[in-house]
Peer 1: 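Handing you this structure, nothing more for now.
Both backbone and side-chain heavy atoms feed into the values below; hydrogens, waters and symmetry mates do not.
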Amino acid sequence: MKRLSFLCFLAFGAALTGSHAEAQSDDFTLNRFRASETPGDSFAISDPADQGHLRIGAQLHLEYANDPLVVEEDGREISTVVSDQLSLHLGISLGLFDRLVLFVGAPIDLFFDGDENSIEPEAGIGDLMVGGRVRLLGERVDAFALSLQLSATFPTGSGDLRGDNFLSLHPEVLFEVRAKPLRLTANLGGRVRENQGFGNADVGDEFTWGLGVAVALFGDYTRPWETRVDGVAQVFGATSFQEFFGREETALEGLAGVKLHHESGFTAGLAGTAGFTRGVGTPDFRVLLNVGWATPPDAPEEAPPVERPNDRDGDGLLDPVDECPDAPEDFDQFEDEDGCPDPDNDQDGVLDVSDQCPLEPEDRDGWEDADGCPDPNNDGDRFPDTIDNCPNEPEDEDDFADDDGCPDIDNDNDTVLDVDDSCPNTFGPPENQGCPSDRDGDTVLDHLDNCPDEPGPPENQGCPQEQLVRIEEGRLEILDRVFFRTNSDVILPRSYRLLDNVAMVLANHPEIAIIRVEGHTDSRGDAAYNQDLSQRRAESVVARLVEAGLEAGRFRAIGFGEERPIDANETRVGRAANRRVEFNLGEETQVQQSEAGPGEDTID
């Protein structure tokens, strides 16, 4: 796709259609390429580095542009105003105070060519450019650099597409990020200028940008006194603030090239560009040749050789810093900087020559203490010795009490060892290989049978009569509730049948050794009072069960008061649920209430 010529659009359109439209002015700069200011820069992108104090530079860019100015109608090229343009860009620069760079540049148009009926610009000098750059942050060796730059362009080449007829200013921010061998450079700025009409477009103040990456193919950017070759890729352009990124008002080009920076100060580069947009002055392609020279920087002086002091023990540590100059360091990656040998690095009493872990002290716990290595997990189970109740015996991991690190040889405590127990987690007599039996033959196994010696249907838990208690694996489920007189520890008669049923089940199952009876209240009233009330109620339940013939030593009465609510105390139903008595067997198993909702007189 070709670029639309704003300058000649109306004039050539009128000529082709026979109209008498007025021709446009040719007092503008056709060439959109802005050569970089110093020999240390790369083609179209300015480097934020300084040039060095009182160091001068000079360079020229020879540039050929193809089809920088054409006319299109309905997307079809109808005329080539400028088909070929050959230009020379001259520039000189001076560095001051290792921070400031002053520069002057001027383009010279050497040759134009185009269609026969197009305007015929003549060769000559373009607009003179003068400016300066100040480095704010970042030395050449730093990972980041920031500079400000300002240039002014004077109308010394007005007319014949060589220059504008007004003064323009171009402030820019230059910054660079460096990570060897890459340098990423960006230029952002604005060109302050008078408005110009190019056919249907109005171009005035412009936003300018440039982004470039340089790769050191040879040499090092941080050592400018040495020869370096950079591979360069750049994108640069401008757009009008009046039509931001408008189709006809935007110029955008991509560049690829290579540049030599010789240690003598000589620079040379070759690059090519491609136009990406249809903006005025943007060619199909451009070819650039750059040569220049700048005062080469001085290489840092090398420090004179220093006479080395003696090393009597020959361990590589010189005597002035060797704490043991007559005993060589053993260099075993332990305190090797002091020059002294360390025969027992970890100070565990096992010399390094015999110590299999010379940097880790033996833990001296009576387990394999002769090898010099600590044993944080003697028995090799998943529990470190610090939390292992049996550090020298591995846990048997059989889904029974597997959190203490100790093996459990008889999980159900039925005197039949697990290796011989057909039901290792269920209590059963030895004559039945450790499995529960069914003495009464009612199909309900003894350990789940409320009446193991009296047959009954399964729906009555193995008893002839209906039950308020159901035995499950690891728990008893209570199918009713314990009710008390309000603010009292007196059990209401309606709960006697439930507690008598609990007493019968526990009497029939002496293997249940510990029963914890726990009392709970809601949060109303004084906490100390609630604690005392819950304790007394738990004791009343225990007393009732002992009266029924059970041994008092099997029970633990515990009152928790309002400490352990199971529902919100802000509602009437929640408070009723929190007033409860719970039965827990052993350390973990809980006697659960039935799933019926709580009654208002659960405790009150």
Peer 1: Would you check if Tyr221 and Asp47 make a side-chain contact, meaning some heavy-atom pair closer than 4.5 Å?
Peer 2: yes

Peer 1: Is there a side-chain contact between Val134 and Arg99 (heavy atoms, below 4.5 Å)?
Peer 2: yes

Peer 1: Between Arg575 and Asp567, does any side-chain N to carboxylate O distance fall below 4.0 Å?
Peer 2: no

Peer 1: Can you tell which of Gln465, Gln461, Gln467 makes a side chain to side chain donor-acceptor pair (under 3.5 Å) with Asn450?
Peer 2: Gln467

Peer 1: I want to check a possible cation-pi pair here: Arg516 against Phe583, using under 6.0 Å from ring centre and within 45° of the ring axis as the test.
Peer 2: no

Peer 1: Would you say that Leu498 contacts Leu479 through its side chain, given a criterion of any heavy-atom pair below 4.5 Å between the two side chains?
Peer 2: no

Peer 1: Check step by step if side-chain contact (heavy atoms from CB on, under 4.5 Å) holds for Asp438 and Asp440.
Peer 2: CA-CA 6 Å; Asp438 181 13; Asp440 56 14; 2.8 Å; yes

Peer 1: Report the residues that fulfil ring-ring contact (aromatic ring centres under 6.0 Å, His included) with Phe245, sequence neighbours left out, ordered by chain and then residue number.
Peer 2: Trp209

Peer 1: Output every pair passing salt bridge (Lys or Arg N to Asp or Glu O under 4.0 Å) with a member in residues 445-459, not counting sequence neighbours, ordered by first then second residue.
Peer 2: Arg439-Asp446, Arg439-Asp453

Peer 1: Is the cationic atom of Arg228 (NZ for Lys, CZ for Arg) positioned less than 6.0 Å from the six-membered ring centroid of Phe218 and within 45 degrees of its normal?
Peer 2: no

Peer 1: Taking only Lys NZ, Arg NE, NH1 and NH2, and the carboxylate oxygens of Asp or Glu, determine whether Asp220 and Lys180 approach each other closer than 4.0 Å.
Peer 2: yes

Peer 1: Can you tell me if CD on Glu551 sees more than 12 non-hydrogen neighbours from other groups inside 6.0 Å?
Peer 2: no

Peer 1: Could you tell me which non-hydrogen atom of His170 sits nearest to which non-hydrogen atom of Thr208, and how far apart they are?
Peer 2: NE2-OG1, 2.9 Å

Peer 1: Search all heavy atoms of Glu466 against all heavy atoms of Arg497 and return the closest pair with its distance.
Peer 2: O-NH2, 4.0 Å

Peer 1: Are any side-chain N or O atoms of Thr222 and backbone N or O atoms of Val141, one a donor and one an acceptor, separated by less than 3.5 Å?
Peer 2: no

Peer 1: Would you indicate whether the side-chain heavy atoms of Arg554 and Leu506 approach each other to under 4.5 Å?
Peer 2: yes

Peer 1: Taking all non-hydrogen atoms of both residues into account, name the closest pair between Val173 and Leu148 and its distance.
Peer 2: CG2-CD2, 3.8 Å

Peer 1: When you compare the side chain of Phe207 with that of Leu188, does any pair of heavy atoms fall below 4.5 Å?
Peer 2: yes

Peer 1: Before giving the answer on side chain to side chain donor-acceptor pair (under 3.5 Å), spell out for Glu518 and Asn584 the whole-Å C-alpha distance, their side-chain angles and the decisive distance to 0.1 Å.
Peer 2: CA-CA 8 Å; Glu518 300 177 354; Asn584 288 306; 2.9 Å; yes

Peer 1: Can you tell if the side chain of Leu492 reaches within under 4.5 Å of the side chain of Arg485, non-hydrogen atoms only?
Peer 2: yes

Peer 1: So which heavy atom on Cys451 is nearest to which on Asn508, and how close?
Peer 2: CA-ND2, 3.9 Å

Peer 1: What distance separates Ser523 OG from Arg579 CZ, expressed to the nearest 0.5 Å?
Peer 2: 10.0 Å

Peer 1: Nearest heavy-atom pair of Glu563 and Gln531: which atoms, and what distance?
Peer 2: OE2-OE1, 4.2 Å

Peer 1: Sequence neighbours left out, what pairs pass ring pair (Phe, Tyr, Trp, His ring centres under 6.0 Å) with at least one residue falling in residues 536-562?
Peer 2: His520-Phe560

Peer 1: Measuring only between side-chain heavy atoms, which start at C-beta, is Phe484 closer than 4.5 Å to Val490?
Peer 2: no

Peer 1: Looking only at non-hydrogen atoms, find the nearest pair between Pro48 and Thr185 and report the distance.
Peer 2: CD-CG2, 4.1 Å

Peer 1: Between Pro458 and Thr443, is there a side-chain heavy-atom distance shorter than 4.5 Å?
Peer 2: yes

Peer 1: Do the charged groups of Arg133 and Asp50 touch, with an N to O distance under 4.0 Å?
Peer 2: no

